[in-house]
Amino acid sequence: MKLGRLNHVGVAVPSIADAVAHYRAVLGADDITDPFDIPEQGVKVCFVNTPGAGTQIELIQPLSEASPIHGFLARNPLGGQHHICFEVPDIAQARDWFEGQGKRILGPTRIGAHGTPIFFVHPKDMLGQLTEIMETPHGH
Ligand code: CO
């Protein structure tokens with residue numbers, strides 16, 4: 001496997017509306033997507049676009065108490081950095097690579113918020129960092 005671009009940093013927030021206002025007012029962000037729900041993952045998300053390489057901040061709000069983000073916010077009430085996401089050219093090859101090293105993958109490969117296949121690698125096998133691996137969107 002070859003490490004690709006840092007696509008986004010996932011940040012859990014109690015309120016996407018409040019977080020968007022913060023990014024605009026405090027950080028001067030002016031390119032933020034509209035929020036949308038991903039019911040199968042129990043979250044509402046939106047993306048703050050940064051210039052240059054186009055790395056994004058993924059703001060993530062739980063849709064219900066069943067959401068995995070709900071527990072994270074219970075431990076971190078202000079919110080906080082939740083995961084990082086790297087691109088790879090071939091998701092199946094990347095999955096084989098991690099599995100071949102005995103790294104624990106959380107659940108099946110599925111379609112992520114960018115419409116491309118993703119999977120997550122357990123933080124205990126990744127220096128404490130929950131890591132999302134995402135196939136590079138076609139056309140990029
Ligand atoms: Co993500």
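Note that the coordinates shown come from a computational prediction; the quantities given were computed from them, not determined experimentally. Remember, it's 1-based here, ligands and their atoms both numbered in the order they're listed. Atom set for the values below is all heavy atoms of this structure, side chains included, hydrogens, waters and symmetry mates excluded.
- By the criterion of a separation under 2.8 Å, the protein N/O/S atoms near the Co ion (ligand 1) amount to His8 NE2, Glu58 OE1, His83 NE2, Glu132 OE1.
- Take Asp37 and apply the side chain to side chain donor-acceptor pair (under 3.5 Å) test, not counting sequence neighbours, and it matches Lys44.
- Within the 4.5 Å cutoff, no side-chain heavy atoms of Thr116 are placed close to those of Ile111.
- Glu132 CD to Ile84 CD1: the interatomic distance, rounded to the nearest 0.5 Å, is 10.5 Å.
- At distances below 3.5 Å, not a single donor-acceptor pair connects side-chain atoms of Arg104 with backbone N or O atoms of Val121.
- Under a cutoff of 6.0 Å and an axis angle of 45°, Arg110 and Phe119 do not form a cation-pi pair.
- Glu99 and Lys103 are not joined by a salt bridge, as no carboxylate oxygen comes within less than 4.0 angstrom of a charged side-chain nitrogen.
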